[in-house]
Amino acid sequence: MEREIRERILEKIREYDTVMLFRHKRMDGDCVGASKGLKRVIEKSFPEKRVLLIDGQHSDYLSFAGVDDAEVGEEVYRQALGIVVDTGNRERISNPRYALCRELIKIDHHIETDPYGDLNWVEDERASACEMVADFCLGFRDCLCLDREAAELLFMGMVTDSGRFRTSEVTGETLRLAAALLDKGVDTVRLYGNLYLQEFESLKFASFVYETMEKTPNGVAWVYISRADQARFGLTFEDASNAISLIDSIRGCLCALAFIECPTAGEGIRVRLRSRYMPVDGLAGRYRGGGHAFASGSTVYDRGEAQALIRDADEAVRTWKETHDDWM
Ligand code: AMP
């Protein structure tokens, strides 16, 4: 079945003269790696095709991965095959013109809630969308050319989405695929420098997060970062959102929540949810969000609603701890 869907995807790629890649809003390493990596592979394998990645969004953090293509006319979309990577539902696709494409393929590892593609290849047990793209490309190595540049992009997504190969979705197959990418000559020193070197100011911000984080009685760690805090530390919204990674590994806290006020008041407060053992996608779903079992996102609109989410999370952790004993 999985092999069959991949064969159909390859057939579709062969069929079209123009292929357009799409990814999700608030780009991350996985959607950037998967979209750019697959674009590179298609370009190298089929030089006669036009392959476009048009997004209109920017991330300082991921700018080292290179720029996207310039916007094109509607007629180009209308005759193209669209491939959307790493995006669970259509509202999260960053370029709304994806809907103009003649046919659409979805390649994703989120829990399936919206099979918006004409072909949908979804495996929610995969650690990253890049893992799926790597598997796809390596599975057709006779006709798809995966060079060092593509391998670096795909490896970037595999590393970032799996928290450096630490999430529970990481399998032997994940590491075998990562190994095959490394064999293509990935420069990990440069990649990890780009991904993980920190600015002096970010560490100052980390000390603020540690100072102000809170913990509920049953074990929910949370932090709230206002627009004023972001201005005080000179942070982009994206930098501020990284606060979640500072509070997601506290012993006894099975759930971590970071509330980050969006750049303009009406946009609300972004919530990043992380958990260990206990799924949180259902909780995120109750606050206009969703995602993975252990990593989800949602939006609340004021501090009262943030408190309600914290209370709901605390109750969920209480119940979980009462009914399970294999947690840390
Ligand atoms: P984040 O904390 O933004 O990294 O999100 C964690 C996961 O949840 C990612 O895989 C996102 O794609 C997903 N996610 C984040 N926000 C939402 C949302 N509002 N609706 C559905 N999924 C989301």
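Both ligands and their constituent atoms are indexed starting at 1 by order of listing. In this text the structure is predicted, and so the values were computed from the model without any measurement. Note that the numbering runs from 1 along the sequence shown for the chain.
At a threshold of 4.0 Å, the pair Arg78-Glu75 does not count as salt-bridged, since none of the basic side-chain nitrogens sits closer than that to a carboxylate oxygen. Salt-bridge formation is not detected for the pair Asp118/Lys106: no Lys NZ or Arg NE/NH1/NH2 atom is positioned less than 4.0 Å from an Asp or Glu carboxylate oxygen. Salt-bridge formation is detected for the pair Glu173/Arg176: a Lys NZ or Arg NE/NH1/NH2 atom is positioned less than 4.0 Å from an Asp or Glu carboxylate oxygen. Glu149 has no carboxylate O lying under 4.0 Å from a charged side-chain N of Lys184, or vice versa, which leaves the two without a salt bridge. Ion pairing of Arg272 with Asp248 is absent here, as no side-chain N (NZ or NE/NH1/NH2) approaches a carboxylate O to less than 4.0 Å.
Scanning the protein heavy atoms around atom 23 (C) of ligand 1, the nearest turns out to be Gly290 O, 3.3 Å. Atom 4 (O) of ligand 1 has its closest protein heavy atom at Arg272 NH2, 2.9 Å. The shortest contact between atom 9 (C) of ligand 1 and any protein heavy atom is with His110 NE2, 3.9 Å. In terms of protein heavy-atom proximity, atom 16 (N) of ligand 1 is nearest to Gly297 CA, 3.4 Å.
In this structure, of Arg92, Glu91, His292, the residue bringing a heavy atom nearest to atom 11 (C) of ligand 1 is Arg92. Compare Ala295, Ser298, Gly291 by their heavy atoms: the one nearest to atom 6 (C) of ligand 1 is in Ala295.
Residues satisfying the side chain to side chain contact (heavy atoms under 4.5 Å, CB included) criterion with His110, sequence neighbours excluded, are Asp86, Asp108, His292. Scanning for ring-ring contact (aromatic ring centres under 6.0 Å, His included) contacts around Tyr277 gives an empty result, with sequence neighbours left out.
The contact set between ligand 1 and Arg288, taken as ligand atoms under 4.0 Å from a residue heavy atom, comprises 19 (N). Those atoms of ligand 1 with a heavy atom of Arg274 less than 4.0 angstrom away are 1 (P), 2 (O), 4 (O), 6 (C). Of all the atoms in ligand 1, the ones that sit under 4.0 Å from a non-hydrogen atom of Gly289 are 18 (C), 19 (N), 20 (N), 21 (C).
Heavy atoms of Arg270 found under 4.0 angstrom from ligand 1 belong exclusively to the side chain.
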